[in-house]
Structures are given as C-alpha cells and as structure tokens.
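A short write-up of the structure that comes next.
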Amino acid sequence: MNAGTDDRYILGIETSCDETAASVVLNGRTVLSNVIASQVEYHTKYGGVVPEIASRKHIENIGYVVQEALDTAKQKTGVGIDRIDAVAVTNGPGLIGALLVGLSYAKALSYGIGKPLIGVNHIYAHICANYLGQRAVQPPFMCLVVSGGHTSLLYVHDYLTFEILGGTYDDAAGEAYDKIARAIGLPYPGGPNIDRLSKEGNPHAYVFPRASVGEYDFSFSGVKTSVLDTLNKLRMKDEPIPVVDIAASFQHAVVDVLTEKAIQACKNKGVTTLALAGGVAANSGLRSQMERLCDKNGIDFHVPELVFCTDNAAMVASCGYFKLCAGETDGLNLNAYPTIHPDHLSRYIG
Ligand code: KG4
Ligand code: ZN
C-alpha cells in the first residue's frame, strides 16, 4: 500500500487491559511520544487483572496520559493538537469496561478537535509495533503474535490484510506464563518474572511436553499440566521446589514450540521475513532463540523494541495511520468488543 506523501500525525489511545496509554506517531513509524501508565501495582495482590479496578484506574489516568503524550510531542517537534490528523483507539478485543473508557475519551476528543475517529483491533496494533522506530519492517512477512490473550501465526500480506495460519487450542502463551508463575509463587504478571528466573536455572532439568497439534497451531495445556504435576509431586514428598529450574525448563519448552512452528511456516510458505509481536515477544529466550534459528535458516528476523512489545498506544497510532491512508475511519457510533468482532475478522483471509 502507498503510505501517502503528506505527513500525518495520529494520536493513539490504548486502554484494553491494565495499561492506560497514549502516543503521537508520525506517518505510522516515527514515535513522537509514548506515555504508559501501568496499573500492575493495583492488580498484583489479586494475582491478575481485576476488570472493575482496571476501568476505574483508566478513568483516573486517561486525561493526564493523553495530555502528557500531546505535550511531549509538542516539546519535541512543535506539533500541537491542532496538527493531529486523527484519533485512533483500541476498540477490541479486551476488557469491555476498560475499552469503553478509552473509546469514549477518543470519541469526545475526535469530536472536539473535528478530526476522524479510527477504531483499531488490538491484535493488528501489536503487529504494527513492528513498523515503529529503528527496527521497522515492511509487509509481506510472517508474524507470530504472542500476548496475554492471544497466540496466532499470521501471514501479513500488506498493512491491513492478514492470513491466519494457526492459533492456540487453549491458553494463550502469555496466559500459560502467568498461570505457571502463579503456581510457583511468582507475582503477576508472571511472564517477565519467569523470564528473569530462567536465566539462573537449568533449562534441561525437566523435560516438559511440546504439544503436537495442527501444523501451525499451539496448545499450552499439556506443558501447563505437566509443570503442575511436577510441583504436586515435589510438594507431596515435602521436597524443595527448584523454582529457577522449573522456570527455565518451562520457558525452554514454550520457546521451542513457538520457534519451531514459526520457522517451519516460513520455510513451507517460502517467506523470508519473520516478525514477533505481543507481550511475550519481550521474552529474552524467545528473542534470542528466534534470532539464532532465523539466522541459521536464512530468515530475516524482526522484533519490536521492548517497550513496543507489551501494551502501548504507539502501535495503535501506527495502525490508525494505515487505516487513515486507506480511508477507513469510523463514526461516533463505534462500539467496543471484548472478543474479535466479525468486522475485524473480515480482514483475515482463510
Ligand atoms: O501484549 P500484552 O502486554 O497484553 C495483552 O494483549 O495480553 O501481553 C501481556 C502478556 C502477559 O501474559 C505477560 O506475562 C507476558 O505478556 N509477558 C511476557 C514477558 N513480558 C510480558 N512473557 C514472557 N516473557 C516476558 N519477558
Ligand atoms: Zn496486548
């Protein structure tokens, strides 16, 4: 797709889960500001995100976060709210109450400044994180999207068209990380904690199963059950739990499966560029193994900068830019959806 010749500034807003985020992005790629107010401290004691708390915290934070994103962009480049070309906002999938806070704010702002509103699918936005900053990539490419709520292997034909090759039969990769972390006594969010401990453990201490499901599909229930069984047996025998070894062995199993399937998909389809997206793309083991095996197989590997892997609004603004270039804007009747909406699915081929 031709990205257009005129500079376009998009304000992105993201409130689908427990991060209130806003960002100004130029032409879908150059990040002028990226403000993220994390709510992790309010949810950690419950072991996961409490939707009602998330919505209330978004309401408290959204005004400040958007203002800071606009102020930072203005300080950096002199670009003020009068130069914003559109307001892009995540309208699904995610926690419905949380989504509605960002969506309502975006509607009011778009109406107030007289600029188009653009609803953005959160999963597309994660893919668009690959267009941001120094590590920008251009379609077509294979993309492994691994987040807290989603695991998919997609072929990205162009900026707005994707082909789903496979997905998870059960838990998302991040969800499996969070559940195992909880079982071994690590706080929410579990992914970064398991990743950190893995570096100290022996990845071969336990051999957890690598699920063999459809060619490009994933299943994490087997590895999860196997880790839980191991923990139960150790506890029944009153033996100490080797937390670092379990973390490292679990990570090894998950990373092996993700890496192997993504690379196999590239080989089968003759695709020479592979990108990662979503919160689990921040995982150090996944990044390094993917890089090593891509190198070995002659595949060009891309991964977003760490800050653009987990939830942020720059990726939403980037996606909004490509939708604006394609003339895809929304009315003030735009709604929020907790799961993937049929309108979004029509983007997918296959
Ligand atoms: O994309 P994201 O921020 O939110 C969703 O859209 O779900 O992903 C959050 C998920 C959580 O499950 C978190 O544990 C996981 O990403 N995560 C990680 C790492 N950093 C975040 N998982 C493994 N290793 C990490 N370093
Ligand atoms: Zn996300």
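No hydrogens, no waters, no symmetry mates; every other heavy atom, side chains included, goes into these values. Counting starts at 1 for both ligands and their atoms, in listed order. Numbers for residues simply follow the sequence, beginning at 1.
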- Message: Below 2.8 Å, which protein N, O or S atoms neighbour the Zn ion (ligand 2), ignoring water?
- Response: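 Metal shell, protein only: H122 NE2, H126 NE2, D311 OD1.
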
- Message: Give me the nearest non-hydrogen protein atom to atom 26 (N) of ligand 1 as residue plus atom name, then the distance to 0.1 Å.
- Response: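 It is D195 OD2, 3.0 Å.
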
- Message: I need the nearest protein heavy-atom contact for atom 3 (O) of ligand 1: residue, atom name and distance, please.
- Response: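 Answer for atom 3 (O) of ligand 1: D311 N, 3.1 Å.
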
Please tell me whether [X] and [Y] have a donor and an acceptor in their side chains that are separated by less than 3.5 angstrom.
X	Y	result
H122	N91	no
N61	Q39	no
N27	D7	yes
Q138	Y131	no

Ligand 1-proximal atoms of [X], by part, heavy-atom distance under 4.0 Å:
X	answer
H126	side chain
N283	both
T310	both
H122	side chain

If you take the nearest heavy atom of each of [options], which one is closest to [atom]?
atom	options	answer
atom 25 (C) of ligand 1	G191, A125, C17	G191
atom 7 (O) of ligand 1	A181, A129, G148	G148
atom 14 (O) of ligand 1	D178, T90, D18, I194	D178

- Query: Should you measure from each heavy atom of G149, which atoms of ligand 1 turn up under 4.0 Å away?
  - Reply: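 Once the distances to G149 are compared, the set is 7 (O).
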
- Under 4.0 Å from a heavy atom of G174: give me the atoms of ligand 1 that qualify, with their elements.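 Heavy-atom distances to G174 below 4.0 Å select 12 (O).
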
- Please indicate whether any nitrogen or oxygen in G279 is less than 3.5 Å from any nitrogen or oxygen in ligand 1.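 For ligand 1, there is an N or O atom that lies under 3.5 Å from one belonging to G279.
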
Indicate the ring-plane relationship of [X] and [Y], choosing parallel, tilted or perpendicular according to the 30° and 60° boundaries.
X	Y	value
Y159	F322	parallel
H157	Y155	perpendicular
F218	F220	parallel

- Query: Are I84 and V35 grouped together when hydrophobic residues (ILVMFWY) are joined by side-chain heavy atoms under 4.5 angstrom apart?
  - Reply: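 Unlinked, I84 and V35 end up in two clusters.
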
- Task: Examine Y216 and Y169 and state if one hydrophobic cluster contains both, with Ile, Leu, Val, Met, Phe, Trp and Tyr joined whenever side-chain heavy atoms are less than 4.5 Å apart.
- Result: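 The answer is no; the residues belong to distinct hydrophobic clusters.
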
- Query: Is E60 atom CD crowded by more than 12 heavy atoms from other residues, nucleotides or ligands, each under 6.0 Å away?
  - Reply: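 Count over threshold, so yes.
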
- Query: Between T72 and E68, is there a donor-acceptor pair closer than 3.5 Å when you use the side chain of the first and the backbone of the second?
  - Reply: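 Judged by distance alone, yes, a pair lies under 3.5 Å.
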
- Message: Centroid separation under 6.0 Å, is that true for the rings of F250 and Y206?
- Response: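 Distance test on ring centres: not under 6.0 Å, no.
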
